[in-house]
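Just so it is clear: chains get the letters A, B, ... in the order the sequence lines come, proteins before strands, and each one is counted from 1.
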There are 4 protein chains.
Amino acid sequence: MNSHQDGSVAQPDSLVNADRPKSLRVDAQRNRARILDAAHAVFAAEGLSVRIEEIARHAGVGIGTVYRNFPTKELLFEAVIHRYQQKLVEEAESLLDFDDPGEAFFQYISRVIEEGAANKALTAAVSGTEIDMKAVATGISDQLLDVLSKLLECAQQSGSVRADIGAEQVKALIVGTLLAMEQSAGQADRSVVIVSVICDGLRARPD
Amino acid sequence: MNSHQDGSVAQPDSLVNADRPKSLRVDAQRNRARILDAAHAVFAAEGLSVRIEEIARHAGVGIGTVYRNFPTKELLFEAVIHRYQQKLVEEAESLLDFDDPGEAFFQYISRVIEEGAANKALTAAVSGTEIDMKAVATGISDQLLDVLSKLLECAQQSGSVRADIGAEQVKALIVGTLLAMEQSAGQADRSVVIVSVICDGLRARPD
Amino acid sequence: MNSHQDGSVAQPDSLVNADRPKSLRVDAQRNRARILDAAHAVFAAEGLSVRIEEIARHAGVGIGTVYRNFPTKELLFEAVIHRYQQKLVEEAESLLDFDDPGEAFFQYISRVIEEGAANKALTAAVSGTEIDMKAVATGISDQLLDVLSKLLECAQQSGSVRADIGAEQVKALIVGTLLAMEQSAGQADRSVVIVSVICDGLRARPD
Amino acid sequence: MNSHQDGSVAQPDSLVNADRPKSLRVDAQRNRARILDAAHAVFAAEGLSVRIEEIARHAGVGIGTVYRNFPTKELLFEAVIHRYQQKLVEEAESLLDFDDPGEAFFQYISRVIEEGAANKALTAAVSGTEIDMKAVATGISDQLLDVLSKLLECAQQSGSVRADIGAEQVKALIVGTLLAMEQSAGQADRSVVIVSVICDGLRARPD
DNA sequence: AATGAATGAGGTTTCATTCAT
DNA sequence: GATGAATGAAACCTCATTCAT
């Protein structure tokens, strides 16, 4: 449905507008997006323990503005995760129509990991690392689990992926790899080997 | 309930003393050991964010005593982790004498993962997660890398492990799995499959 | 639900205007009245600690409009209370013409208590409770004292009220009752007995 | 049972002590008492909205110490009320053995009010004025209500107090009067008349 | 040497008030 | 004139660390 979520999506204003009636809200949306971006960056760089004030400063707004948009640090974190996961889910959906289900599955894993390796930032959020906010992260990643399940099932039925593994474990492998990469900065280029290991390990054995 | 928890061992020192000549120092040593045990258990169970007071209570001593022995929370964590390092190294060394270097390598990976799966402290240390204490974490991380390198090289020379991977990447796989497991608590039993995937993926291909 | 709540009355102004010559000013006045009504209702129900935003919402206007009309929370409160003062004075004056000065006095006490029983704003104003806005409260408090004095003197001269009491003490009795009632919400109906006790106690003794 | 409550009660230490084993706790108790005293004074003077820091400063301790003793502002308030009510309850109990139940009842009212008039400070607390913390105050005053009920029932059975009133209303009258007196500083001397009014109003009518 | 009470900087969150649109 | 987003001072509370006993 191409719904308007959190991030800054195309404003249909410019299409229909003769006059400029609701210009205020544009600023607010820009601020909201800025805050999300800042939170994304700062959480990634410093961990979940950063002060909200730090995020506000990075976003160029006052503390109060952060709280107007996200009444709780936890909710801000949730929103950041949500935005990130959206990407992952969308990519998975685009692969569901693929001819070869095995190829779709392996491509998905590769893409997500390689993208995450470059992105680095939010993997911590996706995984729910760092105590306290685990509940949030857990709840949210259900969506990711759903699409993963579909891809996995198809791939397993087509005989390209070992049958003794579930979506939970595949997610663990992905998330784990993303997390691991976040630690070792600057080695993103070697992610190819890791992806290869994981994919090989997931492949169904001929015998 | 005053039992020795995780990995620590009883000091036989106290058995031999009939009279009380330097009992003070013995007491102090006992306290130090108790604090380490408690820290071990509590860090493992709750993560690095526990209050020092909690550890003191578990150890059955006052906060002050904890601070006399470990002037900083970070130093206490360091001491706890130090014991892991030794375990890791010892396990690796005992495996180096193994007949089958491939088997040794795979066993090591399995052990480290299974051990760390239920241990937040170890995961934090190995992965370097949870800011602040990075220095400490780096130490153990490097140790793991060292022993891993040795085991890996042997296994690769024996032809059981694919040649296109380095110790860094193997470590990333281990760390990733540990981090991933931390979030899905209670499902540690399924870690077997994940370990299996990783090991299969690491195995050298016949062709 | 856009009904006129507590004590405010509809402005018949707006009925006469067919054309829209100075409609702006009329709108502004309507807004001011609505804000006062809302403040009245909300202050009475929730006490002085409500957020300005809450009042604005009840009034159906933006926060900014509240502030344009009443530059300070305190001034808004003052304006709300001002209406009470007038009511108090008017009621007292209408009772001064009464035949029986004793009856007038007792009726006044009853009315003030019953009216204030369900009205936190009035109680706060009369009693001077809830710091900060003391200046305001002093104003209404003094007004009450004035009218009370007149009614009391007449009643004492007519021999229906004991001579050994002053307006200050009568006010204390009223305020006390109001404050006491504020805590036992929902039992306002029993205020009748309390009023009865106070009136009986104030009555002049036959001997 | 002369139990050890909150305030500073006689330390039995000085009776039995040969050596001085538990001297530390004495300091802590002194601090706790100091904090309660400070809270008492500051709450009374400035209302419930004072910062905890202010109370800490008055008590001559750090904020943390206040929070160690009373983990919440609400709990501190509760403790202050509790200490105050204890006095009221004890006095009521001492009057229960009186010969003349009517006299006992009226004396109680007089005493409590006159004492409160001099004390001034905590009446606000007893009554639960000032929004937020009402729940606390309400729950606590049950004890007071109990003893009051007993005194009242006896007095009503002996025919000295009007039958149409309940303990709740009597409490309201007492509390109300105390609250009212708190407002008008320096007029405590006139409390006699008010007490007289209330007692007269409560007396059973001859007809 | 051991204890745990005290400390206070630092973090989250609220809300009266301002100001750009 | 109206709007409501933005602001930031100030309040509450936590917890690593110190220090008197």
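Both D/Pro71 and A/Gly64 sit near DNA chain F, but only A/Gly64 has its closest nucleotide nearer the 5' end. When the nearest nucleotides of DNA chain F are assigned to C/Gly62 and B/Glu53 by heavy-atom distance, the more 5′-ward of the two goes with C/Gly62. Mapping C/Ile52 and B/Val66 onto DNA chain E by nearest heavy atom places B/Val66 at the nucleotide closer to the 5' end. Each of C/Arg51 and D/Thr65 lies near DNA chain E, and the nucleotide nearest D/Thr65 is the one positioned closer to the 5' end.
Atom CZ of D/Phe70 is separated from atom P of E/dA6 by 11 Å (rounded to the nearest Å). Atom pair A/Arg30:CZ and F/dA5:P shows a separation of 15 Å (rounding to whole Å applied). In this structure, D/Lys73 places its NZ atom 13 Å from C1' of E/dT14, rounding to the nearest Å. In this structure, CG of C/Leu48 is placed 14 Å from P of E/dC15, rounded to the nearest angstrom. One atom, CZ of B/Phe77, and another, P of F/dA16, lie 14 Å apart when rounded to the nearest Å. One atom, OH of B/Tyr67, and another, C1' of E/dT3, lie 14 Å apart when rounded to the nearest Å. A/Glu54 has its CD atom 14 Å from the P atom of E/dG10, to the nearest Å. The CG-P distance, from B/Leu76 to F/dC15, rounds to 17 Å in whole Å.
A distance of 12.0 Å separates CG in D/Asn69 from CZ in D/Arg34, rounded to the nearest 0.5 Å. Separating the CG atom in D/Leu36 from the CZ atom in D/Phe70 is a distance of 4.0 Å, to the nearest 0.5 Å. Within the model, atoms CD1 of C/Ile55 and CD of C/Glu46 stand 10.0 Å from one another, a figure rounded to the nearest 0.5 Å. The OG atom of D/Ser49 sits 6.5 Å away from the NZ atom of D/Lys73 when rounded to the nearest 0.5 Å.
Counting only Watson-Crick and G-U wobble pairs whose two distances sit under 3.5 Å, DNA chain F takes part in these stems of three or more pairs: E:2-21 with F:2-21.
Here F/dA6 is the nucleotide among F/dA6, F/dT7, E/dA16 with the atom lying nearest to any side-chain atom of A/Asn69. Closest to the side chain of B/Asn31, from the set E/dA16, E/dA2, F/dA16, is E/dA2. Considering only the side chain of B/Arg68, E/dA1 comes nearest among E/dA1, F/dA5, F/dA2. The side chain of B/Thr72 lies closest to F/dT17, out of F/dT17, F/dA5, E/dT12.
Between B/Ala59 and B/Ile35, the shortest heavy-atom contact is CB-CA, 3.9 Å.
For the pair B/Asp37 and B/Arg83, the salt-bridge criterion is met [side-chain N within less than 4.0 Å of a carboxylate O].
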- B/Tyr67 and B/Ile52: side chain to side chain contact (heavy atoms under 4.5 Å, CB included), yes or no, with the steps? CA-CA 9 Å; B/Tyr67 272 92; B/Ile52 288 292; 3.6 Å; yes
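For the pairing with D/Glu78, the side chain to side chain contact (heavy atoms under 4.5 Å, CB included) check across D/Leu75, D/Leu76, D/Val80 returns one residue only, D/Leu75.
Counting non-hydrogen atoms under 4.0 angstrom, A/Val50 reaches the backbone sugars and phosphates but no base. Base contact: B/Ile63 has a heavy atom under 4.0 Å from a base atom.
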